[in-house]
Amino acid sequence: MPTILDPTDLSIEIAAEALRAGRPVAFPTETVYGLGALTLDAAGCAEVYRMKGRPAANPLIAHVLDASGARAITSAWCPRCDELASRLWPGPLTIVVARRPEVPVVAVGGRPTIAVRSPSHPVARRLLQELGGAAVSAPSANRWGRISPTIARHVAEEFIAEDDLVILDGGRSQLGLESTVIDLSGPRPTLLRPGSVTLEALREILGEVDAPEIVEQGASPGTAARHYAPRTTAALVAFGGIREALAGQKAPAAVLCFDSSHVPSPHTATAMPRDAAVYASALYDALRSVDSLGCARILIEAPPSSDGLWRAVVDRLRRATTA
Ligand code: AMP
Ligand code: MG
C-alpha cells in the first residue's frame with residue numbers, strides 16, 4: 001500500500017529525496033494527480049512507465065517552475081512559447097517543442113520533441129522548488145488507459161501494490177481534466193489535446209491554431225480513441241436523449257445526465273453540473289463512482305455544446321465511451 005502524506009515541509013523533502021534516488025512520487029496538480037520522475041533520470045522515467053503499464057512510445061509531460069525551466073530542457077523555445085508562457089503559465093497548458101539532446105529518449109517516448117508545462121498547484125510548485133527547479137516528468141497517476149485520479153486516495157487505489165510509493169496529498173485537483181496540449185514544433189500551432197485552456201483562448205493569442213480530430217496514436221501518442229475509460233461498458237447518448245436510450249434497457253444502468261428525472265428505476269442517475277468547469281472537475285470522480293456500482297452499462301448524456309471548455313469534456317467522454 002502506498003503512503004499518503006500531508007504536504008508538510010518534511011514530506012516535500014522526503015518526496016524530493018525519493019525522486020533524486022530514482023523512485024517515482026505522486027503529487028497533486030491543478031489538472032489531475034501526476035506520477036513523476038526527474039526528467040533527466042532515464043531509470044526513474046522508465047520506472048514510471050513500468051508502474052503505469054504505459055506503452056514506451058507514449059511521451060511524458062515535463063513539469064517546470066517557469067519558462068527558464070522550460071528553456072533548460074528544450075532546444076527551440078520560441079517567442080510564441082514565451083508569449084504563451086507569460087500569459088498562461090503557471091496553468092493547464094502543455095507546450096510541445098524540440099528537446100535538448102541530453103533529455104533521455106525514455107522521457108519522451110523516443111521523440112525529438114518534449115512536452116512542457118508549469119503547474120500552478122502550490123504543492124507541485126513546492127516540490128519543484130525543493131528540487132532546485134529541475135524538471136519532473138509526470139503523466140497522470142493511474143494505470144494506463146484508466147481514469148485519471150483527482151484525489152490522493154484514487155492514486156493509492158491505482159497503485160495498491162506499490163509499497164514504496166509516496167503520494168503527496170494536495171486535496172482535490174481543482175480543474176479535473178488533463179492539460180491542454182499544443183504543438184509548436186511544426187510550422188503551424190496544432191492543438192493535440194483540448195483542456196481547460198480553450199482553443200478559443202489559444203487562437204486569441206496565436207492567431208491560427210489547427211485543431212485536427214486526433215483519434216490515432218501516431219500524431220500524439222496517448223490520444224488513443226479509447227482512453228480515460230471505466231471498466232464497465234459505457235455509451236455516449238445525445239443531449240436530451242437519455243429517456244429514449246433507456247427505453248430498451250432492462251438491466252440496471254448507471255446514468256450520468258443533466259436531468260435525473262429522465263431516469264426511471266431500476267436505473268441509477270447521477271445528476272451532472274450544467275456549468276462546464278464544474279462538470280469537468282466532477283467528471284472523473286463520477287466515472288469512478290458509477291464504475292464501482294456493478295451496473296451492466298454506463299450511459300452518459302453528451303453536453304449541450306462542444307465549444308469552449310465543453311470541447312475538452314466531450315473529448316474525454318468520447319474516449320471513455322469508445323469500445
Ligand atoms: P498525460 O498522460 O496526461 O501525461 O499526457 C501526456 C500526453 O501529452 C501524451 O499522451 C501525448 O498526447 C502528449 N504529449 C506529450 N509529449 C508529447 C510530444 N513530445 N509530442 C506530442 N505529444 C506529446
Ligand atoms: Mg494519462
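What you see below is based on every heavy atom in this structure, not just the backbone, and it leaves out hydrogens, waters and symmetry mates. Whatever order the structure lists them in is the order used to number ligands and atoms, beginning at 1. Residue indices begin at 1 and follow the sequence shown.
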J.: Salt bridge or not between Glu162 and Arg50? Use side-chain N to carboxylate O under 4.0 Å.
T.: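 Looking at Glu162 and Arg50, the cut-off is met.
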J.: Compare all side-chain heavy atoms of Thr31 with those of Leu177 and state whether any distance is below 4.5 angstrom.
T.: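 A side-chain contact under 4.5 Å is absent here.
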J.: With heavy-atom distances below 4.0 Å as the criterion, list the atoms of ligand 1 near Ser140.
T.: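 Within the 4.0 Å cut-off of Ser140, ligand 1 contributes 4 (O).
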J.: Could you list the atoms of ligand 1 found under 4.0 angstrom from a heavy atom of Leu192?
T.: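 The list of qualifying atoms is 21 (C), 22 (N).
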J.: Below 4.0 angstrom from a heavy atom of Thr113, which ligand 1 atoms are there? Numbered from 1 as shown, please.
T.: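 With Thr113 as reference, the close atoms of ligand 1 come out as 18 (C), 19 (N), 20 (N).
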J.: May I ask you to list the atoms of ligand 1 that are less than 4.0 angstrom from any heavy atom of Pro59?
T.: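 This gives 6 (C), 9 (C), 14 (N), 15 (C), 16 (N), 17 (C), 18 (C), 23 (C) as the contact atoms.
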J.: So, Trp144 versus Tyr49, ring centres under 6.0 angstrom or not?
T.: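 Aromatic pair excluded; centres sit 6.0 Å or further apart.
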J.: Where the closest heavy atom to atom 20 (N) of ligand 1 is concerned, which of Leu60, Asn58, Val96 has it?
T.: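 Comparing heavy atoms across Leu60, Asn58, Val96, the nearest one to atom 20 (N) of ligand 1 lies in Val96.
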J.: To check you understand the geometry: which heavy-atom pair defines the closest contact between Thr190 and Pro212, and what is its length?
T.: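 Minimum heavy-atom separation between Thr190 and Pro212: CG2-CD, 3.6 Å.
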J.: Check Gly308 against Glu200 and note the closest heavy-atom contact, atom names and distance.
T.: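 Nearest pair, atom of Gly308 first, then Glu200: N-OE2, 3.1 Å.
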J.: Just wondering, is there an N, O or S atom on Asn142 that's nearer than 2.8 Å to the Mg ion (ligand 2)?
T.: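 No, since none of the N, O or S atoms of Asn142 sits under 2.8 Å from the Mg ion (ligand 2).
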J.: If every non-hydrogen atom of Ile205 is compared with every non-hydrogen atom of Glu83, which pair is closest and at what distance?
T.: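 Nearest heavy atoms, Ile205 then Glu83: CG2-CG, 3.5 Å.
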J.: Record the part of Arg193 in heavy-atom contact with ligand 1 below 4.0 Å; permitted values are side chain, backbone, both and neither.
T.: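 Within the 4.0 Å criterion, Arg193 contacts ligand 1 through side-chain atoms alone.
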J.: Show the atoms of ligand 1 that are less than 4.0 angstrom away from any heavy atom in Ile61.
T.: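 This gives 4 (O), 5 (O), 6 (C), 8 (O) as the contact atoms.
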J.: Using heavy-atom distances, let me know which of Lys52, Arg54, His63, Glu178 sits nearest atom 2 (O) of ligand 1.
T.: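 Answer by nearest heavy atom: Arg54.
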J.: Determine whether the side chain, the backbone, both or neither of Val108 has a heavy atom under 4.0 Å from any heavy atom of ligand 1.
T.: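 Answer for Val108: neither.
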J.: Specify whether Trp89 and Trp77 have parallel, tilted or perpendicular ring planes, treating 30° as the upper limit for parallel and 60° as the lower limit for perpendicular.
T.: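 Ring orientation, 0 to 90° scale: tilted.
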